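For clarity, every value in this text was computed on a predicted model and none was experimentally measured. Every chain is numbered from 1, with letters handed out A, B, ... down the list of sequences.
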Amino acid sequence: MTPDTRDSRPTLAVWKFASCDGCQLSLLDCEDELLALAGAVRIAHFTEMSRTSLPGPYDISLVEGSITTPDDALRIQEVRASSRHLVTIGACATAGGVQGLRNFAASGEYAGLVYAHPEYLRTLDTSTPISAHVKVDFELHGCPIDRGQLLEVLTAFLAGRRPVVPGHSVCQECKSRGTVCLVVRDATSCLGPVTRSGCGALCPSLGRGCFGCFGPSDSANTASLSRQLAEHGASDLELARLFRTFNANAPEFLHQSVALGAASPGRDRTTSESGAGS
Amino acid sequence: MSTTTPPPSEVSLRRGDVVRLWPEGLDGLIGVLRDMGYDVKGPTVRDGAIVPGRLDGAHDLPVGWRDEQSPGRYAVHWANDELAFSWAVGPGSWKAEFFPAAQVQWHAERHGDTYRFNESVESLRPLAIVGARPCELAALDVLDRVLRDGALPDPRYVARRDGAFVVVVECARPASTCFCSSMGAGPGIEGGFDLALTELSDADGHRYLVRIGSERGALAIARVDHEQGLDVDRAARVIQLDASVVGMTRQLETDGLAELLVRNQENPRWLDVAERCLSCANCTLVCPTCFCSDVHDTTDVTGAVTRNRTWSSCFDLDHSFLHGGPVRASSSSRYRQWMTHKLSTWWDQFDTSGCVGCGRCITWCPVGIDITDEAKAIGRSDRALAVGRSR
């Protein structure tokens, strides 16, 4: 399809790497705002929405997913080269995602458990964030991301202003909405004090400790929180697992899980390309 | 029990009068305040804590509930008795009613090449608080100095604060984290209220001593079944308050504290507390006097602009962000900023301490950092350094 050269709207492209698609679907979840957004930008590439794919360059690229294959390591370079602004969305793209747990296992260990014939796979030993490969203009965290924050980032880039996406803790969202602290009231293992806000304190408001989906807050003291949760009865193994989910490779969570005795990344191999089954 | 009460219409009460109220009278007072047009709120039990909520009657109060508080821990339990105010403050404070966590400052819609602004202050029913504690009134007095009585009053704060009716209830059962007696903010109170209640329960029964602090307070009480105040109740109040002070084991030494903190900005204790501090901002958000906020503009795809104000904290990295980066990048500098402002430079700025001794920052710190302990540690270290200097 030939792009309409009279159309002066900025172009938006949405790219998928190793991910579950949940974050890019957040864009389609913006039901009330979707038509207005589609009027303000020309959606040039978004395979969850349309098979139409317009050629670049693109004004804004949203990138979901982590880099787990040699092909994707090349493809992200092409996406970067054709994008004026590149915004990564979600824990996979910003921290390697849950598939980043492979970084702590022996080469091919998980592929061998999942696939009958892992020898057909051609993957990297690691799952790494987009920022490990190309320059990223803005990182939007979350597993999945919050659609309100996604709209805020898009409208900010369209207006040429700084997005209002605070890096403070989930605690501030609990306090703002009047949720009673689960750590103080119940000695719950909650990562809220070290986790970036953005979810609206969804889990704590339902009585469940924070899982850390949004990754570390911008001044996370994971060692102090771990000491306190251990005093409340959590074992090192439980705490290490708490830090080892969607953002296991975010530096602050990674360092703390290793300090609690979990495996270090890259124990017995290099990060070079290899067949998963080898 | 109300045989000595003349019909309400014949009662002439005024500011300074003292009356006795039975528990039914408290329920009646809530009804009268509602009839007078107030949105009546007070302490309620919700989600395992005593927090501000709407009151339809005295049954919504924490009747029969107790709290247990210590650094980093909080619990309530059911004591199955008639006492409605036998607890200390919980995580919520009345600050949120007058200075909400998020507030739109203005909204502007685009019309062609121009913008149309709307910066109206919302019109709300006036608030009546039944069951504020003395430290909470002291905190509102501190907030008034910041948001109402300065050179640039906040119109939204003023609109909510002026006209609010306050029924304060003195404290008979301070928590282990309370230290209001050190700050002169409780457990008793002598002014600044419409009505002050002291809950009494002894051989004379479960009742309230009510002191009338305003003309509208007198008008409200006049419409409720009440009796004349008795000396036996006044005496019981004094004994109860004395017991509260004695029972308040936590203290903050305020003599010389402002100067102590200012001359200890390089004290190694700040690094020690930074090891423990989560920078999570819970202390500042539960604090009834912390007033920092962030103002930011957002746009939508139509070009409309909204200016929002949200609670912020000096523990946020963004809070001190200037060109190039945050001024206070370390946790030690942020904790030092908070504590020094609260207990020292607040005096220079607002002619009062920023602390009322409610103890919320101690209880609701997930790792139990205790501002009174930190002040003591700085004091000890200061004395040690002074000894070192004199040698």
Side-chain angles (χ1 to χ4, degrees), chain A residues 30 33-41 148 151-152 154-156 158-188 190 192-195 197 205 207 217-229 231-232, chain B residues 46-53 69-76 90-92 96 100-102 274-286 294 296-305 308 310-313 315-319 321 326 329-331 334 363-369:
Chain A
C30 300
E33 302 87 0
L34 196 57
L35 285 177
L37 182 69
V41 298
L151 274 174
E152 166 58 17
L154 287 174
T155 50
L158 289 173
R161 63 177 174 84
R162 187 183 176 203
V164 180
V165 177
H168 59 58
S169 71
V170 171
C171 300
Q172 300 207 27
E173 297 188 313
C174 274
K175 288 294 175 287
S176 294
R177 64 184 288 164
T179 297
V180 178
C181 179
L182 301 175
V183 179
V184 171
R185 192 192 66 194
D186 302 331
T188 299
C190 174
V194 296
T195 298
S197 64
S205 74
S217 59
D218 60 15
S219 48
N221 188 344
T222 53
S224 177
L225 180 66
S226 297
R227 278 196 300 273
Q228 185 70 12
L229 297 181
E231 264 184 47
H232 288 334
Chain B
R46 174 179 60 76
D47 296 342
I50 293 168
V51 291
Q69 305 193 35
S70 59
R73 293 314 309 268
Y74 178 94
V76 290
E275 285 284 303
R276 290 167 281 138
C277 177
L278 300 170
S279 282
C280 61
N282 276 301
C283 49
T284 56
L285 301 180
V286 294
D294 193 11
H296 41 75
D297 298 346
T298 56
T299 47
D300 69 15
V301 288
T302 69
V305 185
N308 298 287
T310 54
W311 283 355
S312 177
S313 169
F315 284 90
D316 292 354
L317 211 49
D318 275 349
H319 189 71
F321 192 96
S330 66
S331 290
R334 279 176 266 159
T363 298
W364 298 98
C365 172
V367 296
I369 294 172

Okay, A:Ser219 and chain B: the region with an atom under 4.5 Å from a heavy atom over there is both
Under 4.5 Å to a heavy atom of chain A? For B:Ala96 that would be neither
Of B:Trp311, B:Phe315, B:Trp364, the largest count of non-hydrogen pairs under 4.5 angstrom with chain A goes to B:Trp364
Of all heavy-atom pairs linking B:Cys365 and A:Val184, the shortest is O-CG2, 4.2 Å
Greatest number of non-hydrogen atom pairs under 4.5 angstrom with chain A, of B:Gly48, B:Gly92, B:Pro71, B:Cys280, falls to B:Cys280
Between A:Asn221 and B:Ala274 the two heavy atoms that sit nearest each other are ND2-O, 3.4 Å
Side chain to side chain donor-acceptor pair (under 3.5 Å) filter on B:Asp300, not counting sequence neighbours, yields B:Thr302
Cut-off 4.5 Å, heavy atoms of chain B, and the answer for A:Val183 is both
Chain A shares the most heavy-atom pairs under 4.5 Å, among B:Gly72, B:Ser312, B:Gly303, with B:Gly72
Cut-off 4.5 Å, heavy atoms of chain B, and the answer for A:Ala187 is both
Okay, A:Arg162 and chain B: the region with an atom under 4.5 Å from a heavy atom over there is side chain
The side chain to side chain donor-acceptor pair (under 3.5 Å) partners of B:Arg276 (sequence neighbours excluded) come to B:Asp272, B:Glu374
Taking every heavy atom of A:Ala36 against every heavy atom of B:Val301, the minimum-distance pair comes out as CB-CG2, 3.3 Å
Applying a strict 4.5 Å limit to non-hydrogen atoms, the region of A:Ala159 in contact with chain B is side chain
Note: vs chain A, highest number of non-hydrogen pairs under 4.5 angstrom among B:Asp294, B:Asp316, B:Asn308 is B:Asp316
Correct closest heavy-atom pair for A:Val180 and B:Ala49 would be CG2-CB, 3.8 Å
*Please tell me if the side chains of A:Gln172 and B:Ser313 come closer than 4.5 Å, counting only heavy atoms from C-beta onward.*
yes
Item to check | Residue pair A:Arg161 / B:His296, side-chain heavy-atom distance below 4.5 Å | outcome: no
The reported gap from NE2 in A:His168 to OG1 in B:Thr310 (rounded to nearest 0.5 angstrom) is 6.5 Å
>> Go through it in stages, so that I can follow the logic: the residues are A:Glu152 and B:Thr298, the test is side chain to side chain contact (heavy atoms under 4.5 Å, CB included), and I'd like the CA-CA distance, side-chain angles, deciding distance and then a yes or no.
In response: CA-CA 8 Å; A:Glu152 166 58 17; B:Thr298 56; 3.6 Å; yes
To the nearest 0.5 Å, atom SG of A:Cys181 lies from atom CG of B:Asn282 at 5.5 Å
Honestly, the part of B:Asp297 sitting under 4.5 Å from a heavy atom of chain A is backbone
Applying a strict 4.5 Å limit to non-hydrogen atoms, the region of A:Arg185 in contact with chain B is both
Is it true that A:Asp218 and B:Arg334 have a side-chain N and a carboxylate O under 4.0 angstrom from each other? no
Okay, B:Thr363 and chain A: the region with an atom under 4.5 Å from a heavy atom over there is both
